[in-house]
Amino acid sequence: MRNATRSLAVFFALAPALIAAPVAANTGLEAYLDRIDAAETDFRAACEALAAETPPEGLVWLRVGPNGIEIAPADASGAEAAAFWADAALGARAAAERLYGAAVDEALADAPVMIEARAGSVTVHDGAEMSMGDPCEALKRLVSALGGASSSAPFAAARASAEASDAIAVAVGGEAEAPLSALPAGAVARGPAGVEAEIVENEDGARLVLTAGPDARPGRGLARIYAPGDKFRPLETMPVTVLPGAAPPSEPSGGALPLGGAFAGAVRVGAQDVLTVTVDEARRVEFASSGDADISAVLESETGQVIAADDDSGDGYGFAFSVALSPGRYALKLRHCCGGGGGYAVTATPE
């Protein structure tokens, strides 16, 4: 790590006869609330660990830079503070992503966050609100700031926002439905971008079923009901809130890295790539990376034992290390050194 671098509720009625009754089943909302509970549990554990440490004094900035999310010291004396908050910011970002989804990076790009530790007190300032307190309170404020939220109680605020919505709430990867009445024969539905809308009819009547795919964008939108043959003038519109996500975190990306070959990829912000390396006979292998992103690597055995690790021993921001390996399968785990992301190319050269 060279420098310690590291987030319309309009009901427009054109046909009063068509009414959406209260939501009858909303698995998307339930899954999102479960997601908030899980994030808060993880956050408490992180807070307990953070409370046992004393943040180094110094002023640092959390921002989006050329290497993804960065923690940058305001001056040379803040390097130690930047390293401390780089680790803390990873946990804050993970919690913020569960609450706010894609809005995390957008909020951070619009308003860099200032973190200042002085004499036992920490200040977090995102340009809209400043809060002071212990490291745990600072981390909580950081979660909200990353998501562009003004509340310093991010988990309670997320629950209140989701439960108080007058719209149909559906989480990315989840499903929600609402009953319909006085439905014209052959009517069709269209949801917001990334949200599939379907009208389902049975002996109990008609209902609108919304399914938010992986490309659905969290935020407010509209579901529209159209008469058959007219896709331009909706009979009715209903507000929809797309929540950040019901689906579990995606599996690490990666692939096979052959001996004597190379693998090119890109680490997503805050994520990890895993490359599989197979060794047929005992030999020494040199691993190295190239590219603009500051990628760090950990080589593990099949049982999870760490064999080797490196960050900046290669060219530029690349890693490089040589290690003697026995026959077997190994996992080369790649991350941006500081929670960002970027492209890379990795080679495995037998010596």
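When a residue number appears, it is its place in the shown sequence, counting from 1. Given the structure is predicted, the values throughout are model-derived calculations rather than measurements.
- Judged by distance alone, the side chain of Asp310 and the main-chain N or O of Ala320 form a donor-acceptor pair under 3.5 Å.
- At least one side-chain heavy atom of Val267 sits under 4.5 Å from a side-chain heavy atom of Tyr344.
- Every residue meeting the side-chain contact (heavy atoms from CB on, under 4.5 Å) condition with Ala157, not counting sequence neighbours, appears here in chain and number order: Ser151.
- Side chain to side chain, Arg284 and Ser322 meet the donor-acceptor criterion of an N or O pair below 3.5 Å.
- In this structure, the separation between OG1 on Thr211 and CD on Glu196 is 5.5 Å, given to the nearest 0.5 Å.
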Between Phe321 and Val285, is the side-chain contact (heavy atoms from CB on, under 4.5 Å) condition met? List the steps.
CA-CA 8 Å; Phe321 60 87; Val285 180; over 6 Å; no

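- Closest approach of Arg220 and Pro239 over heavy atoms only: NH1-CB, 4.3 Å.
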Test Leu208 against Met238 for side-chain contact (heavy atoms from CB on, under 4.5 Å), laying out the working first.
CA-CA 10 Å; Leu208 176 66; Met238 288 162 283; 3.6 Å; yes

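- Going from atom CD of Glu286 over to atom OG1 of Thr349 covers 6.0 Å, rounded to the nearest 0.5 Å.
- Listed by chain and residue number, Ser77 satisfy the side chain to side chain donor-acceptor pair (under 3.5 Å) test with Asp75 (two or more places apart in sequence, or in another chain).
- The closest side-chain heavy-atom distance from Phe232 to Asp230 is below 4.5 Å.
- Phe287 is listed as a side-chain neighbour of Leu257, based on a closest heavy-atom distance under 4.5 Å.
- Atom CD of Glu300 has more than 12 neighbouring heavy atoms from other residues, nucleotides or ligands inside a 6.0 Å radius.
- In the hydrophobic clustering of this structure, Val209 does not group with Leu235; members are Ile, Leu, Val, Met, Phe, Trp, Tyr whose side-chain heavy atoms approach within less than 4.5 Å, directly or through other members.
- You'll find the side chain of Leu259 reaches within 4.5 Å of the side chain of Arg283, heavy atoms only.
- Checked against ring-ring contact (aromatic ring centres under 6.0 Å, His included), Phe319 has no partners two or more places apart in sequence or in another chain.
- With sequence neighbours left out, Ala95 forms a side-chain contact (heavy atoms from CB on, under 4.5 Å) with Val143, Phe155.
- At a threshold of 4.5 Å between non-hydrogen side-chain atoms, the residues Leu325 and Tyr330 count as touching.
- For Arg207, the side chain to side chain donor-acceptor pair (under 3.5 Å) partners are Glu177, not counting sequence neighbours.
- Counting heavy atoms from C-beta on, the side chains of Val240 and Val170 come closer than 4.5 Å.
- Between the CG atom of Leu99 and the CD atom of Glu40 there is a distance of 9.0 Å, given to the nearest 0.5 Å.
- Between Val60 and Phe84 the shortest side-chain heavy-atom distance does not fall below 4.5 Å.
- Judged as a side-chain contact (heavy atoms from CB on, under 4.5 Å), and not counting sequence neighbours, the contacts of Val195 are Pro192, Leu210, Ala212, Ala216, Val242.
- In this structure, Ser289 has no side chain to side chain donor-acceptor pair (under 3.5 Å) partners at least two apart in sequence or on a different chain.
- When all heavy atoms are compared, the tightest approach of Ala81 to Pro56 is CB-O, 3.6 Å.
- Considering every non-hydrogen atom in both Ala189 and Glu198, the closest pair reads CB-N, 4.5 Å.
- Summarising the geometry of Leu334 relative to Ala297, their closest heavy-atom pair is CD2-CB, 3.7 Å, with the distance given to 0.1 Å.
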Please step through side-chain contact (heavy atoms from CB on, under 4.5 Å) for the pair Ile36 and Asp34, ending with a clear verdict.
CA-CA 5 Å; Ile36 295 174; Asp34 288 344; over 6 Å; no

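- When all heavy atoms are compared, the tightest approach of Pro73 to Ala79 is CB-N, 3.8 Å.
- You'll find the side chain of Arg335 stays beyond 4.5 Å of the side chain of Lys333, heavy atoms only.
- When all heavy atoms are compared, the tightest approach of Ser301 to Ile307 is N-CG1, 3.9 Å.
- With sequence neighbours excluded, no residue satisfies side chain to side chain donor-acceptor pair (under 3.5 Å) with Arg44.
- With sequence neighbours excluded, the residues forming a side-chain contact (heavy atoms from CB on, under 4.5 Å) with Tyr226 are Val188, Arg190, Arg224, Pro234, listed by chain and number.
- No single ILVMFWY cluster, assembled from side-chain heavy atoms under 4.5 Å apart, contains both Val298 and Val279.
- A single hydrophobic cluster is not seen to contain both Leu180 and Val200; linkage of ILVMFWY side chains at heavy-atom distances under 4.5 Å, directly or through other members, places them apart.
- Asp37 meets the salt bridge (Lys or Arg N to Asp or Glu O under 4.0 Å) test with Arg159; sequence neighbours excluded.
- Counting only residues at least two apart or on different chains, the disulfide (SG to SG under 2.5 Å) pairs with a member in residues 133-206 are Cys47-Cys136.
- Applying the ring pair (Phe, Tyr, Trp, His ring centres under 6.0 Å) test to residues at least two apart or on different chains, none of the pairs has a partner in residues 196-222.
- If you take CD on Glu116 and CG on Leu59, they are separated by 5.0 Å, rounding to the nearest 0.5 Å.
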Is there a side-chain contact (heavy atoms from CB on, under 4.5 Å) between Leu332 and Val274? Walk through the geometry before answering.
CA-CA 6 Å; Leu332 184 65; Val274 180; over 6 Å; no

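- Remark: the Tyr317 side chain and the Asp311 side chain contain no N/O donor-acceptor pair separated by less than 3.5 Å.
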